[in-house]
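Every heavy atom of this structure was used, including side-chain atoms; hydrogens, water molecules and symmetry mates were not. Letters A, B, ... mirror the listed sequences (proteins, then strands); counts begin at 1. What you see is a predicted model; the values in this text were computed from it and never measured.
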Number of protein chains: 2
Amino acid sequence: MKETATKILDVGQELIQTRGYTAMSFQDIAVQVGIKKPSVIHHFSSKADLGVAIIQRYRDTFASQLEAIKNDPEKTSWEALEFYFSPYLHFASTPDTVCLCGALAGEVPALPEKMRAEVKQFMEDHQRWLEVILRTGRKNGELNFKETPARLSRMLFNTLQGTLLVKRSTDDLSQLKDVIKVIMHMLK
Amino acid sequence: MKETATKILDVGQELIQTRGYTAMSFQDIAVQVGIKKPSVIHHFSSKADLGVAIIQRYRDTFASQLEAIKNDPEKTSWEALEFYFSPYLHFASTPDTVCLCGALAGEVPALPEKMRAEVKQFMEDHQRWLEVILRTGRKNGELNFKETPARLSRMLFNTLQGTLLVKRSTDDLSQLKDVIKVIMHMLK
DNA sequence: TGCTACCTACCGTACGGTAGGTAGTCAACC
DNA sequence: GGTTGACTACCTACCGTACGGTAGGTAGCA
């Protein structure tokens, strides 16, 4: 049986990814977890605290995945890229869901200050990891591109985030696959 | 002296671009226009109606600009591209502002149904215009690329939207210029 | 007379958050 | 071994605030 706090984080994250932080309420979370609103607040004393906890948990799991890939010398750059793209492909099959950082980025002005710093770090984590893959891939001779790894990684990261964003309104789920295909092709 | 209805549309649009549709309230608009809340509702009988009116006005002006460019035989494809990118470059100098469609796309699940269709059309307008520029530019021999114009225009549009999105949290205003430079370079 | 633009006053709802209480668990103590 | 106290998880009931929206009235103008 999952602990209540973990359930709250799970439900909260899902709600942010589908409806956004502002539209996520303690009440919604309480209903989905099966408890009452004040009990949610008992675990996370404010909405901002809950938001920060959700981002931090996500960042932690992301960081550990990064380490696992980094320390596996058998992984090729292409496999690392595929791993990086896999969650995006997952979003391609769920019309209204979006990467956590993308959902939060769209709401930055409405976010409590505590959360903004986390979101910023979050974006930088993502972009920098892609940068590392690109740099080592080119050094190994596996990947081929003209731009600097920093600039290209920023651009590709932005493209992925933008595709997720646009997907929400157009419901054109095939775009994500197309975009990833084009990116892969560009790097050969 | 500007008409009140126009002022309401102006202020409303600005609020959507900075804070988002959900966080935009009749009260905020009333204060900035210099009237009381019910007077705003007198002009636009519901928040959804106001939202639709704002998008429609934007789409109309965008469409007329499109026609003007299309019907000017002296404009090169590069000039058309520059014109297309110019509003994005403007956003590069305003940290918290975002393209109207991008701001709304991030909130699609929270939007009233009437607005969703408008947002969708909005995105398609933008993307299709870029597609036309790319297609005619290649036909003229001015532009050079391998992908189909449809696929490439979607990708570039997504990249621009994503860059605006990411900008909100990172405050890295130089990215937009960089991205546009890279795109221009790609098309040579 | 009728219309437009605006106003004050109000309504119901939903939100984040608080106050205060209850039931269960567990360790410390006589 | 039973009693006590502290702690945790959860509850009901409530508060202030802000929202979208309504009712009804007024001043000016054609």
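Applying the salt bridge (charged side-chain N to carboxylate O under 4.0 Å, His left out) test to B:D178 and every residue at least two apart in sequence or in another chain returns A:R151. By the side chain to side chain donor-acceptor pair (under 3.5 Å) test, B:S39 pairs with no residue at all, sequence neighbours left out. Looking at residues two or more places apart in sequence or on another chain, you find a salt bridge (charged side-chain N to carboxylate O under 4.0 Å, His left out) between A:R59 and A:E118, A:D125.
The separation between B:H42 atom NE2 and C:dT8 atom P is 15 Å, rounded to whole Å. Between the C1' atom of C:dC6 and the NZ atom of B:K7 lies a distance of 13 Å, rounded to the nearest Å. At whole-Å resolution of the value, NE2 in A:H43 and C1' in D:dT8 are 9 Å apart.
End-to-end axis angle of the helix from C:dT1-D:dA30 to C:dC30-D:dG1, from C1' rotation axes over five pairs per end: 10° (rounded to 10 degrees).
Between A:R57 and A:D10 there is a salt bridge, since a side-chain N of the basic residue sits under 4.0 Å from a carboxylate O of the acidic one. Between B:R135 and B:E131 a salt bridge is recorded (basic side-chain N to carboxylate O distance below 4.0 Å).
Here the side chain of B:K36 is nearest to one of C:dC6, C:dT8, D:dC11, namely C:dT8.
In terms of modelled atom types and a separation under 3.5 Å, the side chain of B:R138 and the main chain of B:F145 share a donor-acceptor contact.
Contact between the side-chain N/O atoms of B:S39 and the OP1/OP2 oxygens of C:dC7 is found at a separation under 4.0 Å.
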Please encode protein proximity along nucleotides 18-30 of chain D as a string of B, S and -, counting only heavy-atom distances under 4.0 Å. -SBBB--------
Side-chain atoms of residues 46-53 of chain A: list all donor-acceptor pairs with protein atoms under 3.5 Å, sequence neighbours left out, distances to 0.1 Å.
residue : atom : partner : partner atom : Å
A:S46   : OG   : A:A48   : N            : 3.4
A:S46   : OG   : A:D49   : N            : 3.1
A:K47   : NZ   : A:Y21   : O            : 3.0
A:K47   : NZ   : A:T22   : O            : 3.3
A:K47   : NZ   : A:M24   : O            : 2.8
A:D49   : OD1  : A:K114  : NZ           : 2.9
A:D49   : OD2  : A:S45   : OG           : 3.0

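Annotation: B:E113, atom CD; neighbour count of heavy atoms from other residues, nucleotides and ligands within 6.0 Å does not exceed 12.
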